[in-house]
Amino acid sequence: MTRLFALLLFSLVSLPAYAQLPVPSTWVNQRGSVLSIQTLDASTGTFTGTYVNNATGFSCRGQPYATAGNVTANKINFYVNWTSPTAPTCRTITIWTGRVAGNNIPTRWKLYYVGADWNFHKMIGRDFFTMR
Ligand code: BTN
């Protein structure tokens with residue numbers, strides 16, 4: 001029994017940083033936006049992919065933008081710079097932080113933009129991603 005417990009503990013502790021994030025995988029949030037995970041560095045948990053924004057009330061919709069982030073255990077962070085040579089440019093950046101919970105990734109986000117006053121401003125919100 002003790003050996004079994006030790007084995008179980010070892011297997012949990014030795015789970016790699018990225019164990020919770022399948023690659024490739026596709027995630028859709030409640031706004032219809034699509035996060036695609038395409039690469040993952042097994043040694044660091046750093047991943048890359050694309051993000052297609054389909055959210056009503058925002059710009060830069062319907063086109064893939066590069067995304068990058070990191071997953072460590074169940075903690076996940078990723079960002080999109082909404083500036084691209086091949087798609088409309090919004091000159092904004094969004095950063096999501098959340099956790100991978102099975103087929104779901106609940107997140108909070110911050111979107112930074114430069115206002116008419118040339119100062120940085122911030123919008124905040126939540127996105128709930130589900131694996132497609
Ligand atoms: C912009 O309008 O400046 C760029 C697009 C921002 C889209 C935001 S990011 C947070 C929220 N979640 C989405 O899927 N889309 C919006």
Side-chain angles (χ1 to χ4, degrees):
M1 188 62 178
T2 311
R3 266 190 224 161
L4 186 65
F5 181 72
L7 190 66
L8 189 67
L9 193 66
F10 177 76
S11 60
L12 285 176
V13 169
S14 62
L15 274 177
Y18 57 88
Q20 315 250 6
L21 192 68
V23 178
S25 59
T26 303
W27 304 77
V28 181
N29 72 12
Q30 80 283 7
R31 305 171 202 271
S33 299
V34 183
L35 166 68
S36 300
I37 310 291
Q38 288 152 1
T39 72
L40 178 73
D41 181 333
S43 60
T44 62
T46 298
F47 63 84
T48 64
T50 59
Y51 195 99
V52 178
N53 168 44
N54 290 316
T56 306
F58 290 89
S59 305
C60 289
R61 289 194 283 169
Q63 304 246 24
Y65 288 80
T67 187
N70 182 269
V71 59
T72 301
N74 69 334
K75 304 280 182 225
I76 186 167
N77 304 302
F78 58 97
Y79 78 95
V80 174
N81 177 358
W82 302 101
T83 299
S84 163
T86 54
T89 285
C90 280
R91 296 192 184 87
T92 55
I93 293 177
T94 308
I95 300 165
W96 287 261
T97 60
R99 65 192 167 87
V100 184
N103 286 347
N104 298 318
I105 306 180
T107 65
R108 291 166 184 259
W109 53 261
K110 293 175 183 167
L111 185 155
Y112 295 92
Y113 63 96
V114 178
D117 57 3
W118 291 100
N119 288 317
F120 278 104
H121 295 267
K122 184 173 74 175
M123 286 176 67
I124 58 168
R126 292 171 190 243
D127 278 339
F128 189 87
F129 293 88
T130 304
M131 190 154 49
R132 189 193 268 167

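Both ligands and their constituent atoms are indexed starting at 1 by order of listing. Just so you know, these numbers come straight off a predicted model, no measurement behind them.
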| query | Taking side chain as C-beta onward, heavy atoms only, is Ile76 less than 4.5 Å from Trp96? | reply |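 Ile76 vs Trp96: side chains apart.
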| Nearest candidate to atom 8 (C) of ligand 1, where distance is taken over non-hydrogen atoms, out of Tyr65, Phe129, Phe58 |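 Going through Tyr65, Phe129, Phe58 one by one, Phe58 has the nearest heavy atom to atom 8 (C) of ligand 1.
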| request: Hey, can you tell me if Tyr51 and Trp82 have their rings parallel, tilted or perpendicular (30° and 60° cut-offs)? | output: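 If you compare the ring of Tyr51 with that of Trp82, the planes turn out perpendicular.
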| said: Once you measure the plane-to-plane angle for Phe78 and Phe129, does it fall in the parallel (<30°), tilted (30-60°) or perpendicular (>60°) bin? | reply: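 Rings of Phe78 and Phe129: perpendicular, over 60°.
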Between [X] and ligand 1, which residue portion shows a heavy-atom distance shorter than 4.0 Å: side chain, backbone, both, or neither?
X: Trp96; result: side chain
X: Val80; result: neither
X: Asn54; result: neither

| request: For Asp41 and Ser43, work out which heavy atoms get closest and say how close. | output: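 Minimum heavy-atom contact is OD1-OG, 2.7 Å.
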| query | Can you name the nearest heavy-atom pair linking Gln20 to Val100, along with the distance? | reply |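 Closest approach of Gln20 to Val100, heavy atoms only: O-CG1, 3.2 Å.
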| field | Donor-acceptor side-chain pairing of Ser25 and Trp27 below 3.5 angstrom | value |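 Yes - a donor-acceptor pair under 3.5 Å links their side chains.
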| task | Please could you name the atoms of ligand 1 that Leu111 approaches to less than 4.0 Å, counting only its heavy atoms? | result |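 Those atoms are 6 (C).
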| request: Report the residues that fulfil salt bridge (Lys or Arg N to Asp or Glu O under 4.0 Å) with Arg31, sequence neighbours left out, ordered by chain and then residue number. | output: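 Testing Arg31 for salt bridge (Lys or Arg N to Asp or Glu O under 4.0 Å), a comparison that skips the adjacent residues, returns Asp127.
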| query | At what distance, to the nearest 0.5 angstrom, does CG of Leu111 lie from CD1 of Ile124? | reply |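 Nearest 0.5 Å value for the CG-CD1 distance: 11.5 Å.
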| So is Asn53 polar-close to ligand 1, meaning N/O to N/O under 3.5 Å? |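 Asn53 vs ligand 1: N/O contact under 3.5 Å present.
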Please list the nearest protein heavy atom to [atom] with its residue and the distance rounded to 0.1 Å.
atom: atom 9 (S) of ligand 1; result: Thr94 OG1, 3.4 Å
atom: atom 12 (N) of ligand 1; result: Asp127 OD2, 2.7 Å
atom: atom 2 (O) of ligand 1; result: Ser59 N, 3.0 Å
atom: atom 3 (O) of ligand 1; result: Thr92 OG1, 2.8 Å
atom: atom 13 (C) of ligand 1; result: Tyr51 OH, 3.5 Å

